[in-house]
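Heavy atoms only: backbone and side chains are in, while hydrogens, waters and symmetry mates are out.
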Amino acid sequence: MSKNKVMLTKRERKRQNIAIAVMFLFILPVAVMFASFFLMAFFKDGHLSLENFEFVIRPMKLRDQTTIPAIGKALRNSVIFTVCVTIMEVITSLMAGYALSRLDFRGRKTIQGGLLVLRMFPTLLLLIAVLYVLMATKMANSLLGVVLVAISFRLPGSTYIIKNFFDGIPRDIENSTLVDGCTRFSGFRQVIIHLVKPGIVSITVFSFLSAWSNFILFNTLLFGNRTPVMATYIRAITRNEQMIASFNVVAAMGIIYMLPVLVFFVMTQKQLMEGNINTSKGL
């Protein structure tokens, strides 16, 4: 018997079994929904088929004779938008969080309070004002404008999260890197940044998910479907509250839409679940 195995009493084992049963009871409807989702996508007229994925490689004609373009352009725009937003948000929030945690300058407390207020403020209330700003700066109806707005909306929350991770690192570790001959930047790059990996992964995952599933900004700040993305591409198959595509095609689009999220989460779940920060020197 393993030394690390915890022996449960009869009462504790009973409670554990009840908890597991309740968990499966709540998960069952979701599991059935996903199973039906995949069956609809890969079956047509009762036969296994990939015909529902025709939109991946060529334009597809829907049941009302409407033709939708291939998904390539929308997928490319979504990838460009998501990668740009995620990289710029992580780098900017990392530098800002470090400055707020380690540097002493005038207005630091005010900036921290402002970040918290901006994090709590509903961003939807700012869309009209943001649209006027984009029009004044000649960036309205452009992908660059949406990228900048998405980063500005997410930056306060990401900065506040990563700052708390920096606060959890003892200052003695940073001081020891300076004694060993590192500059503040080299010490940050070679040592400190490795100690906040769980925080970096956390804000990266949240930024990626937010950017990939973004619909409001594209629907509000881009006119005439000039720059289609995955969210607006799927939205285009509904008109006047009526579906113009079969549920099988919608299910196939949903699978394509969620594949990057599943792959990204599988790649980062180990780092995301790490709760303890390794504070040993010389990583």
Side-chain angles (χ1 to χ4, degrees), residues 55 59 68-100 105 107-108 110-163 199-200 202-239 253 256-261 264:
F55 61 89
I68 60 172
I71 203 173
K73 184 177 181 180
L75 184 61
R76 182 195 64 196
N77 291 335
S78 289
V79 170
I80 293 174
F81 173 76
T82 303
V83 170
C84 291
V85 170
T86 302
I87 292 177
M88 294 175 67
E89 179 184 332
V90 171
I91 292 176
T92 306
S93 62
L94 195 63
M95 294 187 294
Y98 178 81
L100 291 173
F105 55 91
R108 184 166 67 96
T110 304
I111 294 176
Q112 292 181 16
L115 289 176
L116 189 58
V117 171
L118 289 173
R119 182 66 184 89
M120 296 185 297
F121 198 84
T123 55
L124 290 178
L125 299 179
L126 299 173
L127 283 179
I128 301 301
V130 165
L131 181 57
Y132 275 105
V133 172
L134 292 179
M135 293 175 65
T137 55
K138 309 298 182 182
M139 288 191 295
N141 204 25
S142 67
L143 187 60
L144 176 60
V146 181
V147 168
L148 295 178
V149 172
I151 294 173
S152 64
F153 281 174
R154 290 280 311 164
L155 202 55
S158 298
T159 301
Y160 205 83
I161 290 174
I162 199 66
K163 174 192 172 296
I200 296 175
S202 297
I203 62 175
T204 301
V205 171
F206 295 146
S207 176
F208 181 90
L209 295 179
S210 176
W212 182 258
S213 60
N214 198 297
F215 170 75
I216 297 297
L217 293 183
F218 284 98
N219 194 49
T220 306
L221 303 179
L222 294 180
F223 320 123
N225 202 25
R226 178 179 175 181
T227 309
V229 292
M230 291 294 295
T232 56
Y233 182 86
I234 297 177
R235 173 66 177 83
I237 65 176
T238 62
R239 290 182 181 175
M253 289 181 178
I256 299 297
Y257 192 24
M258 71 180 184
L259 273 179
V261 176
F264 187 76

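- Results of the side chain to side chain contact (heavy atoms under 4.5 Å, CB included) test with Lys163 over Leu100, Leu115, Leu94 single out Leu100 as the only residue that passes.
- In this structure, the side chain of Ser152 engages the main chain of Val149 through a donor-acceptor pair within 3.5 Å.
- Here the closest non-hydrogen pair linking Ile256 and Met230 is CG2-CE, 4.2 Å.
- Under the 4.5 Å side-chain criterion, counting only non-hydrogen atoms from C-beta, Leu209 is not in contact with Phe264.
- Residues Phe153 and Leu217 are in side-chain contact: their nearest non-hydrogen atoms beyond the backbone lie under 4.5 Å apart.
- Going from atom SG of Cys84 over to atom CG of Leu144 covers 9.0 Å, rounded to the nearest 0.5 Å.
- Contact record, Tyr257 with Trp212: O-NE1, 2.8 Å, taken as the closest heavy-atom pair.
- Between Arg108 and Ala99, the closest heavy-atom pair is CD-O, 4.3 Å.
- Within 6.0 Å of the CZ atom in Phe215, the count of heavy atoms belonging to other residues, nucleotides or ligands exceeds 12.
- At a threshold of 4.5 Å between non-hydrogen side-chain atoms, the residues Val85 and Arg154 do not count as touching.
- Remark: side-chain polar atoms of Thr232 are paired, donor with acceptor, to backbone N or O of Val229 under 3.5 angstrom.
- Counting all heavy atoms, side chain and backbone alike, Ile162 lies closest to Ser93 at CG2-O, 3.2 Å.
- Listed here is the closest heavy atom pair of Glu89 and Ile203: OE2-O, 4.5 Å.
- Side-chain rings of Phe81 and Phe218 approach one another, their centers coming within less than 6.0 Å.
- Between the side chain of Thr92 and the backbone N or O of Met88 there is at least one donor-acceptor pair closer than 3.5 Å.
- Listed here is the closest heavy atom pair of Leu116 and Tyr160: CD1-CZ, 4.1 Å.
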